[in-house]
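As a basis for the values below, the full set of heavy atoms in this structure was taken, side chains included, without hydrogen atoms, waters or symmetry mates. Lettering of chains follows the sequences in order, A, B, ..., and the numbering in each one begins at 1.
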Amino acid sequence: MEKYNPASIEKKWQDKWFAENPFRVTEDSDKKKFYCLEMLPYPSGEGIHTGHARVYGLGDTLARFKRMKNYNVIHVQGFDAFGLPAEGAAIKRGIRPDDWTYANIEKMTRQMKLMGFSYDWDQKVITCNPDYYRWTQWLFELFYKRGLAYKKEAAVNWCDSCGTVLANEQVIDGKCWRCDHEVHKKNLAQWFLKITDYADELLADLDKLKGWPDRVKIMQENWIGRSEGAEFSFNVEGHDDKIPVYTTRPDTIFGVTYVVLAAEHPLVEKLISGQPNEAELRQFVDEVRNLSDVEKTNADSEKKGIFTGVYAVNPINNKRVPIWITNYVVYEFGTGAVMGVPAHDERDWMFATKYDLEKILVIDNPKRPLDLNEMDNAYTEPGIMVNSGPFTGTDSVKGKRAVIDWLEKNGVGTRKINYRLRDWLISRQRYWGAPIPIIYCDKCGEVLVPEEDLPVLLPTDVEFKQGALSPLSTSKSFNDCKCPKCGGHAHRETDTMDTFICSSWYYLRYTDPHNDHAPFDRDKVNYWSPVDQYIGGIEHAILHLLYSRFFTKVLRDAGLLDFDEPFTNLLCQGMVIKDGAKMSKSKGNVVSPEEIIDKYGADTARLFILFAAPPERDLDWSDQGVEGSFRFLNRVWRIVNIYSEQFSDAVDYDSNSLTDEEKSLRRAMHRTIKKVTEDVGDRFMFNTAISSLMELVNEMHTFQDKPINPALAREVVSNLLKMLAPFVPHITEELWSKFFEGSVHQQMFPTFDEVALVEDEVEIVLQINGKVRGRMTLPRGLDRAAVEKFAMTHQRVKELTADKKIVKVIAVPDKLVNVVVK
RNA sequence: GCGGGUGUGGCGGAACCGGCAGACGCGUCGGACUUAGGAUCCGAUGUCCUCGGACGUAAGGGUUCGAAUCCCUUCACCCGCACCA
């Protein structure tokens, strides 16, 4: 027998696949479509890592399985190719960002082919290609025309180390998501996309995403952060100005004892100037304004404030309350000013306690009356309104509405819904991204680059320097241009777009990647979309997944496509861990897929990664486990070759004429088909699917040195290879080609026969008081009474119940009998 | 602090609807073959045991004829959010 030689087998079939492309995507099929998508990689210089091997291994197995289940499958790969590391390489090593990027793409494409992933490489999408970013720019213009892209000056998140601004979503714990460098605020004129226009729908439609993990939906819900309440204004004593505040607790409005402003609030300047302690006030304001985001947004940091010397008037009861400036009001949320209700808000309680401000109880606990003197914390639960003028005695939940009604009737406030979500800042002061297609004309102002002039190409005459502001601004050829409207002198926007824009629509381009007159064809995108199964890391729970949902909704409203949500089902795979830690160069625990391929072959690498853990859990890498997977493939190789010696041309056999051992093997085969079909198709339990295939192979060993019905032998081998094919495509194709016709990957996945699963006899467990005390074998399908009767006459049961009183007998047909005795 | 998740042999993990806990793999031990085995094949492998059994799914309690699974309390670890009024 020939030895299993993965290296030569894998090369042979990969050469054939990638030359003939049997995975070609076509829309002209009677089959049901299936869009299998994995999050596209960034072309890193390190090549593919085990995390890539895991996501793409999962996706590829599913895609191959679905093809064999007679689906018309689209399975495409691409590269999210813009981004800072390319510029880093340019600065550090003097390589051009595009050269560096394309070299990495070459490398990773080669490695993915080595893994045997069944992508239609003719559909490959690279986001830094002009034929792609032309349409990214086109989409920006679409947003602009729809009033969803605008430029404004704002205090934005700035990362010194990356030399660019960041979106809110890209600031993690006050640090840059990419380099972990601390982020600080900077006032800059920047481009934003109006994602807040879609806040409501993005929130509401989470309900439609039945196939998404709850935790992802909860994270998005929290991120959008919808809250309902009221906005109303305090008059300022001695000034014409008003202070609008936002509250979710209008029911506590009679408990207001002060008003607080964020240090950035526009009124601050006016209120403090001319105050006797102006210098002191100014110093406090400057201090707070200069706090880093980390210090400012940390709930644990001490609440500090200073009295402005000015008073405001509560519109509901004309109570005069002091106006304070604090460090705990978030300027960007609501109105940047808050009413202080110490008795019913924890922060206000702490603040008022510290500065000895008045506390008024206005919500009482209906179960146990409250006394401010005995409270050491705010009462934040609902209750009954007290000390609240005409509202006294009202249930606080109903009181919210009543107070808002009063505010609206008296013209001092309105009902208001607020979101935590802010607009998406998309300008980046970097080179390696899609240029924002805007021209600034001295006469005409901000002008879109005409559609026919797209793409705005990246120039090559730029300087890459650490810390330099937008390298594009160093390019004269890029900067200077003519105004498309008046023909006069103008210059270009030198910022590029956030790469997350590029990845917000790539899955749409996959359906029509060569289109040169539109981003994608409407019929094609509607045929394939939405994505039936999306697979990727949890780290994109908010960023990429929220942005993509936003894009889809905007493009739907623009009439470019006809669906509301891009991804029907989402699977978030776990990390790959080794020796208790995430693989990383600094820990020295990195295993590269390519070294596993070199040693054992891609099939072993794929098998191990799918077998070692269920997809959503973290995977513990084990070199011995890899060894075990390799061993299993050798066993498959061996047993299939042994069985093949007994094959006949006959395909039919009479199942009744089989020996008991043959019947048992046949049953095992059908059982395995059922299990694998359900585990892969319905449950995503690739690990248990593989274990059941291992059981079948173990079972096949019964006949390794014994004659077997030749037609059965043939059937078992054929079905085994078909079932293994999605997991280990090379070895199965090789063995298939030796003994059968065509390609195993073009076969239908085997179906199971319920009848063949059924055994004539079943083992019944006998329990006394719930403990297993014996077993008996009975014909299948006996009813409760019959099973009970057999059990009660069973020797062991009789012995153990002889001197006891039988209280109850529970009989479950084909399963167990439990005798309860005293 | 709030929200979500996880907890099962020496290890990775099974047990899908409340019905034989530990499938499958790794490791370990034993056997066969062999000049040899770190290859391959066969077998054993939760703990304790007086060999009848007893105990056992983070800990404690509850519901049930019966609980890893349902309910309550507690603990540990992981992830997300964290002054959003």
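Using a 4.0 Å heavy-atom criterion, one finds that A/K303 contacts the bases of the nucleic acid, with or without backbone contacts as well. Across all strands shown, A/V809 has no heavy atoms under 4.0 Å from either base or sugar-phosphate atoms. Residue contacts for A/R671: at a heavy-atom cut-off of 4.0 Å it reaches no nucleic acid atom on any strand shown.
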ring-ring contact (aromatic ring centres under 6.0 Å, His included) evaluation trace for A/Y258 with A/F351:
CA-CA 11 Å; A/Y258 62 97; A/F351 188 74; 5.5 Å; yes
Under the salt bridge (charged side-chain N to carboxylate O under 4.0 Å, His left out) rule, what do A/K400 and A/E228 come out as? Steps first, then yes or no, please.
CA-CA 10 Å; A/K400 281 186 191 181; A/E228 281 182 47; over 6 Å; no
Between A/N698 and A/R635, does the side chain to side chain donor-acceptor pair (under 3.5 Å) criterion hold? Intermediate values first, please.
CA-CA 9 Å; A/N698 289 345; A/R635 278 157 66 84; 2.3 Å; yes
Could you walk me through whether A/F333 and A/Y331 satisfy the ring-ring contact (aromatic ring centres under 6.0 Å, His included) test, starting with their C-alpha distance in whole Å, then the side-chain angles of each, then the deciding distance to 0.1 Å, before giving a yes or no?
CA-CA 6 Å; A/F333 184 76; A/Y331 174 59; over 10 Å; no
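B/G46 adopts an anti glycosidic conformation, its chi angle falling more than 90° from 0. The glycosidic torsion of B/C49 lies more than 90° away from 0, which places this base in the anti conformation. B/G9 takes the syn form, because its glycosidic angle lies no more than 90° either side of 0.
Rounded to a whole angstrom, the distance from the P atom of B/A59 to that of B/C41 is 38 Å. Atom P of B/G56 sits at a distance of 36 Å from the matching atom of B/C42, rounded to the whole Å. Between B/G7 and B/C16, the two P atoms lie 13 Å apart (nearest whole Å). The separation of B/A39 from B/C33, taken at their C1' atoms, amounts to 11 Å, rounded to a whole angstrom. For the C1' atoms, the distance linking B/C17 with B/G12 amounts to 27 Å, nearest Å.
As a whole-Å value, the separation of A/I542 CD1 from B/G3 P is 17 Å. Distance CD (A/E799) to P (B/G52): 13 Å, rounded to an integer number of Å. Taking atom CD of A/E678 as the reference point, atom C1' of B/A14 lies 16 Å away to the nearest angstrom. In this entry the distance linking CD1 of A/I609 with C1' of B/G13 reads 17 Å, nearest Å. When rounded to the nearest whole Å, the span between NZ of A/K675 and P of B/A15 equals 6 Å. The distance between atom CD of A/Q767 and atom C1' of B/A21, rounded to the nearest whole Å, is 13 Å.
Between A/R617 and B/A14 there is a side-chain polar atom (N or O) within less than 4.0 angstrom of OP1 or OP2. Close to B/A85, at under 4.0 Å from its OP1 or OP2, lies no side-chain N or O of A/R420. Phosphate proximity of B/G19 to A/K815: absent, as no side-chain N or O sits under 4.0 Å from OP1 or OP2. The shortest distance between the side-chain N/O atoms of A/N687 and the OP1/OP2 oxygens of B/A14 is below 4.0 Å. Remark: A/R773 is not in phosphate contact with B/G53, judged by side-chain N or O atoms under 4.0 Å from OP1 or OP2. Contact between the side-chain N/O atoms of A/S227 and the OP1/OP2 oxygens of B/A85 is found at a separation under 4.0 Å. When the side-chain nitrogen and oxygen atoms of A/K771 are compared with OP1 and OP2 of B/C55, one or more of them lie within a distance under 4.0 Å. Between A/Q220 and B/C81 there is no side-chain polar atom (N or O) within less than 4.0 angstrom of OP1 or OP2. Taking 4.0 angstrom as the limit, A/R683 places a side-chain polar atom (N or O) nearer than this to OP1 or OP2 of B/A15. The shortest distance between the side-chain N/O atoms of A/R638 and the OP1/OP2 oxygens of B/A39 is not below 4.0 Å.
Of the candidates B/A14, B/G27, B/A85, the closest approach to any side-chain atom of A/Q624 belongs to B/G27. Picking from B/C65, B/C42, B/A85 the nucleotide with the shortest atom distance to the side chain of A/K808 gives B/C65. Of the candidates B/A85, B/G13, B/C65, the closest approach to any side-chain atom of A/P614 belongs to B/G13. If you check B/C42, B/C65, B/C20 against the side chain of A/V765, the one that comes closest is B/C20. The listed nucleotides are B/G13, B/G19, B/C41; the one nearest the side chain of A/L816 is B/G19.
With hydrogens and angles ignored, no donor-acceptor pair closer than 3.5 Å exists between the side chain of A/R215 and the base of B/C79. Judged by distance alone, with hydrogens and angles left aside, A/N818 brings a side-chain donor or acceptor within reach of the base of B/C65, the pair sitting under 3.5 Å.
Contacts between residues 691-700 of chain A and RNA chain B, defined by a heavy-atom separation under 4.0 Å, are made by A/S691, A/M694, A/E695, A/N698.
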So what does the secondary structure string of RNA chain B come out as, 5' to 3', with Watson-Crick or wobble pairs under 3.5 angstrom, [ ] for crossing and | for pairs with another strand?
(((((((..(((......[....)))((((((.......))))))(((....)))..(((((..]....))))))))))))....
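Residues passing the salt bridge (Lys or Arg N to Asp or Glu O under 4.0 Å) test with A/E539, sequence neighbours excluded: none.
For A/F703, the CZ atom sits in a packed shell: over 12 heavy atoms of surrounding residues, nucleotides or ligands are nearer than 6.0 Å. Within a 6.0 Å sphere centred on CZ of A/R780, other residues, nucleotides and ligands contribute more than 12 heavy atoms. In this structure, A/K217 places its NZ atom where more than 12 heavy-atom neighbours from other residues, nucleotides or ligands lie under 6.0 Å away. Atom NZ of A/K582 is surrounded by 12 or fewer heavy atoms from other residues, nucleotides or ligands within 6.0 Å.
Using a 4.5 Å heavy-atom threshold, the side chains of A/V680 and A/P726 count as separate.
Side-chain contact check for A/K185 and A/N157: at least one donor-acceptor pair (N or O, by modelled atom type) lies under 3.5 Å. Judged purely by distance below 3.5 Å, without hydrogens or angles, the side chains of A/S227 and A/Y246 pair a donor atom with an acceptor atom.
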